[in-house]
Structures are given as C-alpha cells and as structure tokens.
Amino acid sequence: MSETLEGHLERIVYFNEHNHYTVARLKVRRDPDLVTVVGQLAGITPGEVLKLWGTWETHPKYGRQFRATEYTVSLPAHIHGIEKYLGSGLIKGIGPEMAKRLVERFGARSLEVIEHSPEDLLGVEGIGEKRLEMILKAWEDQREIRDVMIFLQGHGVSPGYSAKIFKQYGQNTIRVVRENPYRLASDIFGIGFLIADRIAEKVGIARNAIIRAEAGILHVLEKVSDEGHVFVLFDQLLDRAEALLEIDRTVLETGVRNLAASGGIVLEDFHPVRGLLEARFGVLQFESPNGVQIEDDSSDPCFRGHMTAVYLKAFYAAEVGLANRLMALLSVPIKGLGTDVRRIEKLVLHRLAIMLSKEQWVGLHTALSQKVSILTGGPGTGKTTLIKAVLAVFEAAGKQVLLCAPTGRAAKRLSEVTGHKAKTIHRLLAYNFKNGAFQKNEKDPLDTDVVIVDEASMVDTFLMYHLVKAVPMTAVLILVGDIYQLPSVGAGNVLRDMIDSEQVPVVFLKEIFRQARESLIIVNAHRINQGVFPTIVDSNRDTLKDFYFIQQEDPEKVLSTILELCCKRIPERFKLDPLLDIQVLSPMHKGIIGTTNLNRVLQQALNSSDDIIERMGRTFKHGDKVMQIRNNYAKDVFNGDIGTISGINRDIEKITVKYDGRAVDYQFVELDELMVAYAVSVHKSQGSEYGAVILPVMTQHYVLLQRNLIYTGVTRAKELVVLIGTKQALAIALRNDRPQKRMTRLCDRMKIVSGQ
C-alpha cells in the first residue's frame, strides 16, 4: 500500500546520471533522525521540499528506507533551506559562501530575486556580469529538469520511464511530448502506443486528430511485422486501425495518404494471379480491373480493396532489395572447382574420415557448382557433415570461407561441430552499435570467396537483405537450414520463399543416418513432420529413453507434473541440471500452463534466493534464468539470448546477467528488456539447444496447435523430450499442416525479376 512522506532534502548521498537513481536524506517533521529515500528522483536539490509517494522497506545493509515511486518538488521557503539549496553546488557561480551572502542580503526573497529581479544580484559582493550570466544559465537548466520531471509525472509517466524520456530528449522533452507524444512509442523501448496514446489524451490531442491516426496506423504496421508479416492488405490495415482507435475510416484513409506522401510507408498494387503491378511513393495511383489508372480516388474499390499492399518503408526496401540482389548473384557465372568426383571423394575421406551418402554428394556438388544454393533437411540427415565436407573442398582449393549463423548460440555450436570460427551475422557484417548501421555492404563487401549460413530458416527479411548485400558478386552463398521449423521471429519467410520461387538450386536431405535412427527424438521429429503420431514409450519403464509422452487432461495436474519433472524426476533419473539443462516450452503466454504462470511457479520452486527485486511489473531473483526480449546492439545481446542473473546491486540500481560467461550490466530502468525464462515460447527457442525439453500439448492451445510448432519444440532437445497433455491435442497439431500464412512477396518478386 502506497504511503506519503514529506520533508526538506538535506543531502544527496548518491546519484546515477544515466538512470537518475538517487539515494537521499530527508528531514521530516517530528522525526529527530534523517530518513533515507531512494528512487528515480531527477532534478532534486538539497534545501528543496519533497513530497513523495511510495513504500517503506528494509535494506539488508542500510536498514529502513523509503522507496519513492512518485514525487513533487517545491522550492524552500525558509532561510535555512534557501541557503542550503543555493550552496549545494547546483547553481554554477554560487557556492556556500556566496549563498550565505545572498541570504544575508535578500533573506527569504533570495530565490524570488534570482527568478524575477536578477539584476539586483549585481549589488552582492563578488557578482559581476559574467558570474551573473553563469548563475542565470544554471538556474534555467535546473528549473527545466525539475519542470520536465513534474510535467511527465503529472501526465501519468512513472519515474522510471520519465528518466528514460528525459535521457532521450533532454531539455526538449516537454516540447516533444506536447507536440507529438506518439514519438515516445517509436523512440523509447517499453513505452508502446497505448501508453503514448494515454499521454496524448492528457495533453489535449483529439481522438480523431490526424497525428493520432498516423501513429495508430504505424503501430498496426509494427504489430503486423511482429506477427511475421512483411506487409498488410489495405482493408485489413484499416480494419485493425479502426478497431484500435475507434475513429472514422475517412480519417484513417487520410492518415495513410499522409504517411505515403512523407515516405514513411509504401503502397503497392498487385494482382494475386498476375503478380506485381506497381509500387508508388507519395501520390497514390491505383490500377482498376479494366486497366484504367485512377488517381487518389478512395471511392474506387481498388483503393479499398484487397489488391493493395501496405509496407513500412524499411520492409519494402528490404524485400525488393533482397529479391534483386539474389537474382543478380544468380546471374553471375561461377568458376567451378572441377568435376573430378574421385579426387573430391578422396579429399573428403582423407580430411573427414567419412563416406558421404548419395544425397550428400548431390548437396556437395550443388554447393560447389552454384552461385547460391540451399541445403535443407531435418535432424539426423547429415547437414552438419555436409557443411564440413563443403568446407574441406573449398579450403583445399585455397578459397576463403566465412561461417555464420543468426544467433550467438547457433554460431557457437557451428564453431564447435566444424572446428572453424563462426560469427553471428551481425558480427560478420560489422554492425556498428553506435550508429545502428552495418559496415559491410555492397560498397564494402565481405572479403571472402564463400559464405555459409547455418540455421538459415531463422533469418528474417531485413537481416537476410543486409547479409546478401555484403556477399561479393564473385562469391558463393550457401544457405543451410530446416524449412520445417517455425519461420523466423522477425518478419518474412525467407528460406521457404526462396525455395518456392524455384530460382535457387535446392537439395533436400531426407535419409536419416543409422546412428541418428537410434534416437527417438530424431525418429519422432520426422514422424511428426510427416503428420504421423510419434512412437510412445512407457515412462514407468526402467530403461532410459529420450522421448516420452505423459497423458494428462487437467491443466492443474499438468502444471504439478511439470514441476515434479523439473525439480525431481529428470534431475534424479537423467542427471540434468534443472536450471542449465531443462527448458519448458509452451505454445502460449496466458493460462495455467502458459509461459507467464509457468515462470512464476518454476521460479518459486527452483530458485530459493531471497535477493529479489521487482521492476517493470516483473520479479527477478539472483540466480534466475532470464531471456533478452529485444535486440540491444549497444549491449551486444539479442532477442532470444538466455543468461543467468549473477548479481543484483541495489545501491546503484544495477543487475548483471551472464551470457555464456560474458557479463552484461542492466540498469533497473532497463529491466523491461528481460523476462524470466524457466519457460519460454517455442518461437523464442529457435536456434537454441537444450539438454531436455518439456512441452505441454493441450486442447486449450487449440489456436496455436500446429505441426511445425511441435516439430520445432521437439528438435530443440539434445537428450530428452517430454510431451505432456492429451493425445487429442497432439493429433490436432499433427493434422494442422497449414500454419498461418505470412504476408510476403519475395517469392513473386524473384520470379518477376527472372522474367517468369
């Protein structure tokens, strides 16, 4: 329950200029001792009167203190407070001695004189024109900081987000928020459209204002990209924006026109049969069914119809650029490495001590003879062996080969299995964390003859575009992945679209190798991929297997079984660490066996630490498994990276997370970038491998029960898979081989560029 505290600020013990975390001492009426106050308290100065709202807590080292969640500031009214305020060092040009002189001269009017009659200060010994100018500038700066924080909190912004906003805009904060509060949603992570919309209402922006319509349209487009789509159909965009904003459709159409004219979005007409027609920036023109051009006529059915795609500009540029660059690479003749099969066979046998299968030989020949190729197959079909063979042959021919993967974990695993250095795609392209740009591109391409990309199904449209741009026109590009996995977390379905375009040579590896057939994980993964019910093993048998199905219909009992599996049965029977080796995956976030509730229960069961903090609506403990949920290039951590909290420092409001041994610091105001990760979604698990995977499969997950979701979850496990739920739910998933179609046009564009 929130309490109120009011008093004079005596001194500031600690202040963090990055997040405004403050430790201060307050003189409270009728309390002989100074009170310790902590929180984000920007713009406060000794001598001021603070009114704070928050809660009392007991620090293990420093004892009782008041944690402020909201506060207001007023200038001191008494001489003692005024002298302390002016002598605090806050106002450049006024120190303790000068503060004493001012108070002796002007008394309780000292602050009023500085504010309204600053020329009177020239009568004080030691103050001349230069010092007066210095004093007035410092006074103005401090007043603006205080005004900004009071303004933001007055409009419902928490101190934590107020600190983020002020850090972004500085003294321009009030102007930015008054003019366009919707900028907060795009500029500051954690402040989404809905929060910005509430602020907009408080500063007086009308519900049907064009600025609100434009912001809502952009928000819908961003949500669409979060769902994996590169574009949205025009009518669908208006439907979703109308439901979100509850304003007239004509206002939304005006918003679309404005955004297109300013270049923020692109509208493109296409015929679902004939393919792509035309893309336009700025003035809108639409082709009607009879071929007559209509300019900016919202009454025409094509303007309101299903043949107009709406893109965010960056996604349009990426999709068009990727199609053009891929086709340009494919058009360049390749200088082959020769066709002496026996010589290559001896080379592979000598270097790897293995004989390739017929499928692998086809894959090797394709990779050696084509400018761009795709090697795809499920687990146990020899993709890794094929990568090693390709490496061996190219290196024997004196070619420079670069290996990369979309995530740090995938790159690390690629390095381990090949014995060659592999990088993340961002590292390979020398991503500049300061200016947000890839340093390697078509103007400064990679210095290489061959680029091999593993886990290529995880690469989204935007990242693949930047990668392909950096591949020299003289080089070979080889994409290796499993197209039956869930598509990338980011927008697009790149690997599938490239295969469907029939422009890129593809080799499908289908044969499961003998040693792989001994694993029920691999055998059942292929059965699931074919829509066949997996082989079930009795979990009560003494013989250890690597794939189990536990029948359970009651969600509460599913939850308790998951707890027992994580805490006792798997660690005892398979000698796996509950924190490091076991990962619970769930199709959903909500519900009893959604990731949110699973994380709460598993955190309580697996982590007994009493070193706890609650920030951004989340509870974190020392030792927690956590996941980064957005790309943070400055910290070099990316969406889906999993680490462990190794330290919590309340004094400076910082936690430390270790990712594969590398320590990364987070200020408390940045904790909205992290989530507890004892349970994560199947999508978020892509590119990772775990010792054991526990996957609930329930009819409550009906909407998300898809074959490729179960397949992806199963293939994340190295040693053990436990499915828990109902056979009915699993059967529903196996039958559902038509996952939601992603709105992309890469396949069509590649065909059009090729002249088909």
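When reading the values below, keep in mind they use all heavy atoms of this one structure, side chains included, and skip hydrogens, waters and symmetry mates. Predicted model only: the values in this text are computed from it and were never measured.
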Does Lys51 come within less than 4.0 Å of Glu3, counting only side-chain N to carboxylate O?
no
At what distance, to the nearest 0.5 angstrom, does CG of Leu746 lie from CG of Leu322?
5.0 Å
Could you walk me through whether Phe315 and His229 pass ring-ring contact (aromatic ring centres under 6.0 Å, His included), step by step?
CA-CA 10 Å; Phe315 285 109; His229 306 295; over 10 Å; no
When you look at Gln583 and Lys625, which way does the side chain to side chain donor-acceptor pair (under 3.5 Å) test go after all the steps?
CA-CA 10 Å; Gln583 185 62 58; Lys625 181 195 293 187; 3.1 Å; yes
Are any of the side-chain heavy atoms of Met458 and Thr407 separated by less than 4.5 Å?
yes
Do side-chain atoms of Thr656 reach the backbone of Val664 as a donor and acceptor pair under 3.5 angstrom?
no
Near-ring test His466/Tyr431, centroid separation under 6.0 angstrom:
no
Dump the intermediate steps for side chain to side chain donor-acceptor pair (under 3.5 Å) on Tyr182 and Glu214, then the final yes or no.
CA-CA 9 Å; Tyr182 296 104; Glu214 292 173 2; over 6 Å; no
Please determine if Arg427 and Asp636 form a salt bridge, counting it only when a charged side-chain N lies under 4.0 Å from a carboxylate O.
yes
Which heavy-atom pair separates Asn599 from Ala677 by the least distance, and what is that distance?
OD1-C, 3.6 Å
I need the Thr254 OG1 to Asn208 CG distance, nearest 0.5 Å.
11.0 Å
Tabulate below the donor-acceptor pairs under 3.5 Å that side-chain atoms of residues 487-495 make, not counting sequence neighbours, or state none.
residue	atom	partner	partner atom	Å
Ser488	OG	Gly490	O	2.8
Ser488	OG	Gly492	O	3.4

Distance from Ile642 atom CD1 to Met627 atom CE, nearest 0.5 Å?
3.5 Å
Full working for side-chain contact (heavy atoms from CB on, under 4.5 Å) between Asp460 and Met464
CA-CA 6 Å; Asp460 59 38; Met464 187 67 84; over 6 Å; no
Please determine if Glu201 and Arg207 form a salt bridge, counting it only when a charged side-chain N lies under 4.0 Å from a carboxylate O.
no
Given side chains that start at C-beta, do those of Leu233 and Thr308 come closer than 4.5 Å, heavy atoms only?
no
Polar side-chain atom of Lys313 near backbone of Val266 as donor-acceptor pair, under 3.5 Å
no
Working for salt bridge (charged side-chain N to carboxylate O under 4.0 Å, His left out), residues Glu227 and Arg240:
CA-CA 14 Å; Glu227 294 163 9; Arg240 291 182 63 162; 2.8 Å; yes
Are Val38 and Phe66 close enough that some pair of their side-chain heavy atoms sits under 4.5 Å apart?
no
Residues pairing under ring pair (Phe, Tyr, Trp, His ring centres under 6.0 Å) where one sits in residues 204-225, two or more places apart or in two chains, turn out to be Phe193-His219
Within a strict 4.5 Å, meaning less than it, do heavy atoms of the Phe231 and Tyr316 side chains meet?
no
Backbone N or O of Phe638 within a donor-acceptor pair of the Asp641 side chain at under 3.5 Å?
yes
What verdict does the salt bridge (charged side-chain N to carboxylate O under 4.0 Å, His left out) test give for Arg325 and Glu442, after you've listed the backbone C-alpha separation in whole Å, the side-chain angles of each residue and the deciding distance to 0.1 Å?
CA-CA 10 Å; Arg325 184 72 177 183; Glu442 69 273 33; over 6 Å; no
Grab the two heavy atoms, one from Ala411 and one from Thr424, that are nearest each other, plus how far apart they are.
CB-N, 3.9 Å
Looking at Ala437, is its backbone amide N or carbonyl O close enough to the side chain of Gln439 to form a donor-acceptor pair, meaning the two atoms are under 3.5 Å apart?
yes
Report yes if the side chains of Phe620 and Ile645 come closer than 4.5 Å at any heavy-atom pair, otherwise no.
yes
Flag side-chain contact, heavy atom, 4.5 Å: Tyr169 against Ile188:
yes
Keeping the roles fixed (side chain from Gln603, backbone from Arg600), state whether a donor-acceptor pair exists under 3.5 Å.
no
Rounded to the nearest 0.5 Å, what's the gap from OG1 on Thr744 to CG on Asp497? Could you check?
3.5 Å
Does the side-chain contact (heavy atoms from CB on, under 4.5 Å) test come out yes or no for Leu184 and Ile195, once each step is laid out?
CA-CA 9 Å; Leu184 303 178; Ile195 293 176; over 6 Å; no
Verify side-chain contact (heavy atoms from CB on, under 4.5 Å) between Val23 and Thr36, making sure each step is shown before the conclusion.
CA-CA 7 Å; Val23 179; Thr36 299; 4.1 Å; yes
Do you know which two heavy atoms are closest between Gly591 and Asn597, and how far apart they sit?
O-CB, 3.5 Å
Intermediate values then yes/no, side chain to side chain donor-acceptor pair (under 3.5 Å), Ser457 and Gln485
CA-CA 7 Å; Ser457 63; Gln485 303 273 3; 6.0 Å; no
Electrostatic pair Arg749-Glu268, nearest N-O below 4.0 angstrom:
yes
Under the side-chain contact (heavy atoms from CB on, under 4.5 Å) rule, what do Leu244 and Leu194 come out as? Steps first, then yes or no, please.
CA-CA 10 Å; Leu244 172 72; Leu194 296 179; 4.2 Å; yes
Nearest-0.5 Å distance that lies between atom OG1 in Thr250 and atom CG in Leu252
8.0 Å
So, does Thr596 use its side chain to make a donor-acceptor pair with the main chain of His589 at under 3.5 Å?
yes
Search all heavy atoms of Ala209 against all heavy atoms of Ile205 and return the closest pair with its distance.
CB-CG2, 3.9 Å
Arg249 with Asp235: basic N within carboxylate O range, under 4.0 Å
yes
Both conditions, 6.0 Å and 45 degrees, for the charged tip of Lys654 above the ring of Tyr666: are they met here?
no
Are the side chains of Met588 and Thr595 in contact, using a 4.5 Å heavy-atom criterion?
no
How about NZ on Lys223, more than 12 heavy atoms from neighbouring residues, nucleotides or ligands closer than 6.0 Å, or not?
no
Does Arg745 make a cation-pi contact with Phe270 (under 6.0 Å, within 45 degrees of the axis)?
yes
Side chains of Val256 and Ile265 in contact at under 4.5 Å (non-hydrogen atoms)
yes
Pair Asp611 + Lys621: basic N to acidic O under 4.0 Å
no
What one should report as the nearest heavy-atom pair of Ser685 and Leu585 is CB-CD2, 3.7 Å
Tell me the closest heavy-atom pair linking Thr619 and Asp624, and the distance in Å.
O-OD2, 4.2 Å
Can you tell me how far CD of Glu253 sits from CG of Asn258, rounded to the nearest 0.5 angstrom?
12.0 Å
Glu179 bridged to Arg175 by N-O distance under 4.0 Å:
yes
